[in-house]
Asker: 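So that we are looking at the same thing, I have put the structure below in structure tokens.
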Amino acid sequence: MLASRPMTDSDPEDEAMPRGALAVRVHEQFQDDHDAQRALCVELEQFADMLPGMPPPARVRRICAQIECVTSNHFRRAEALLRDLAAASGDPSREEMLQSLAEMHALDAVHGQDLIAVLWDSVARGAVENPGELGYMLRCFFDGCYRAIAFKESLALLFEGAERDRS
């Protein structure tokens, strides 16, 4: 997993940043986070292609840890960064858009936790009990991640444009 800056809800550095610097920081952090998320999604797609087979338990453990990292750290960090960028933009619809993102992330987090449970159950059994179900769960998770990435990148561009228009 790619290393990234620790996430805080309110970063004192953001207060002193010149206009546009926050947008640059958001884009840099998103690049790191989204590269890691896309790599996870590619790995999950490969996993789906190998069903009904299972990867080795060590790989499943690593995948589960990555899912947990994405659904806890990356999602929370993205919401905080976009909240800061949205506040600087003054966009009147920002709260509704941020709420939509939070709901999208909540659904993806539930899919991730369900997926982790089934993966560990499959490791304990030594086989995938229901390959069709696991394939669907994998698709739900990685499709949700791809959708959230696209939405976050769109929001960042929208809020950045609104911030630029205000200056």
Side-chain angles (χ1 to χ4, degrees), residues 1-7 9 22-56 58-86 89 91 93-123 128 130-163:
M1 191 64 31
L2 296 173
S4 52
R5 229 177 114 189
M7 195 281 312
D9 283 342
L22 176 59
V24 169
R25 188 174 78 102
V26 167
H27 285 293
E28 289 172 351
Q29 186 64 60
F30 276 8
Q31 184 68 45
D32 286 348
D33 284 355
H34 292 170
D35 285 350
Q37 289 175 43
R38 285 183 182 105
L40 172 61
C41 290
V42 167
E43 189 161 13
L44 293 175
E45 289 178 79
Q46 292 168 349
F47 190 156
D49 290 342
M50 73 176 356
L51 289 171
M54 283 281 294
R59 184 172 173 204
V60 172
R61 182 176 29 261
R62 185 177 48 75
I63 289 171
C64 289
Q66 288 174 309
I67 292 169
E68 185 64 40
C69 182
V70 164
T71 59
S72 57
N73 300 335
H74 293 281
F75 288 177
R76 189 174 61 243
R77 182 173 35 247
E79 290 173 25
L81 288 168
L82 281 170
R83 195 171 34 253
D84 292 346
L85 189 57
S89 77
D91 189 306
S93 59
R94 67 182 178 256
E95 289 305 318
E96 183 179 324
M97 289 184 274
L98 292 172
Q99 182 60 36
S100 293
L101 178 61
E103 291 168 4
M104 190 180 297
H105 279 163
L107 181 61
D108 291 341
V110 168
H111 286 153
Q113 292 306 309
D114 291 346
L115 184 54
I116 288 169
V118 169
L119 291 174
W120 280 121
D121 181 64
S122 296
V123 167
V128 177
N130 188 337
E133 179 182 272
L134 179 55
Y136 179 76
M137 292 174 77
L138 288 162
R139 177 157 303 283
C140 285
F141 185 76
F142 62 72
D143 280 350
C145 282
Y146 285 136
R147 185 174 34 258
I149 288 169
F151 189 55
K152 288 179 279 191
E153 290 174 350
S154 296
L155 287 178
L157 290 172
L158 175 71
F159 295 149
E160 178 185 345
E163 178 190 18

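All values below come from the heavy atoms of this structure, side chains included, with hydrogens, waters and symmetry mates left out.
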Asker: Kindly indicate whether the side chain of L158, heavy atoms from C-beta on, has any atom under 4.5 Å from the side chain of M97.
Answerer: yes
Asker: A side-chain contact here means heavy atoms from C-beta on lying under 4.5 Å apart; do V42 and Q46 qualify?
Answerer: yes
Asker: Report yes if the side chains of M54 and V123 come closer than 4.5 Å at any heavy-atom pair, otherwise no.
Answerer: yes
Asker: Pairing donors with acceptors under 3.5 angstrom, does anything connect the side chains of E95 and Q99?
Answerer: no
Asker: With respect to R38, which candidate in E45, E43, E153 satisfies the salt bridge (charged side-chain N to carboxylate O under 4.0 Å, His left out) definition?
Answerer: E153
Asker: If I take atom CE from residue M137 and atom CD1 from residue I116, how far apart are they, to the nearest 0.5 angstrom?
Answerer: 10.0 Å
Asker: Counting C-beta onward and ignoring hydrogens, is there a side-chain heavy-atom pair between K152 and H105 closer than 4.5 Å?
Answerer: yes
Asker: Starting at CG of L138, measure out to CD of E133 and round the result to the nearest 0.5 Å.
Answerer: 10.5 Å
Asker: Can you establish whether the number of heavy atoms outside Y146 located under 6.0 Å from its atom OH is more than 12?
Answerer: yes
Asker: Counting only heavy atoms not in R59 (residues, nucleotides, ligands), do more than 12 fall under 6.0 Å from its CZ?
Answerer: yes
Asker: Looking at F47 and G53, what are the two nearest heavy atoms and their distance?
Answerer: CE2-O, 4.2 Å
Asker: L40 versus F141: any side-chain heavy-atom pair under 4.5 Å?
Answerer: yes
Asker: When you compare the side chain of D108 with that of T71, does any pair of heavy atoms fall below 4.5 Å?
Answerer: no
Asker: Tell me if the CD atom of E96 is crowded by more than 12 foreign heavy atoms within 6.0 Å.
Answerer: no
Asker: Verify the distance criterion only: is there a donor paired with an acceptor across the side chains of D33 and Q37 at less than 3.5 Å?
Answerer: no
Asker: SG of C41 to NE2 of H34: how many Å apart, nearest 0.5 Å?
Answerer: 10.5 Å
Asker: Atom CD in E79, atom CG in L101: separation rounded to 0.5 Å?
Answerer: 5.0 Å
Asker: I need the minimum non-hydrogen distance between F75 and A109, along with the two atoms involved.
Answerer: CE1-N, 4.1 Å
Asker: Side chains of L134 and L119: does their closest heavy-atom pair fall under 4.5 Å?
Answerer: yes
Asker: On a heavy-atom basis, which atom in A86 and which in L98 lie closest, and how many Å separate them?
Answerer: CB-CD1, 3.9 Å
Asker: What is the distance from atom SG of C69 to atom CZ of R77, rounded to the nearest 0.5 Å?
Answerer: 7.0 Å
Asker: Which pair of heavy atoms, one from H27 and one from A156, lies closest together, and at what distance?
Answerer: CE1-CB, 4.2 Å
Asker: Is there a side-chain contact between F30 and L82 in this structure, where contact means two heavy atoms from C-beta onward sitting under 4.5 Å apart?
Answerer: yes
Asker: Return the SG to CG distance between C145 and L44, rounded to the nearest 0.5 Å.
Answerer: 8.0 Å
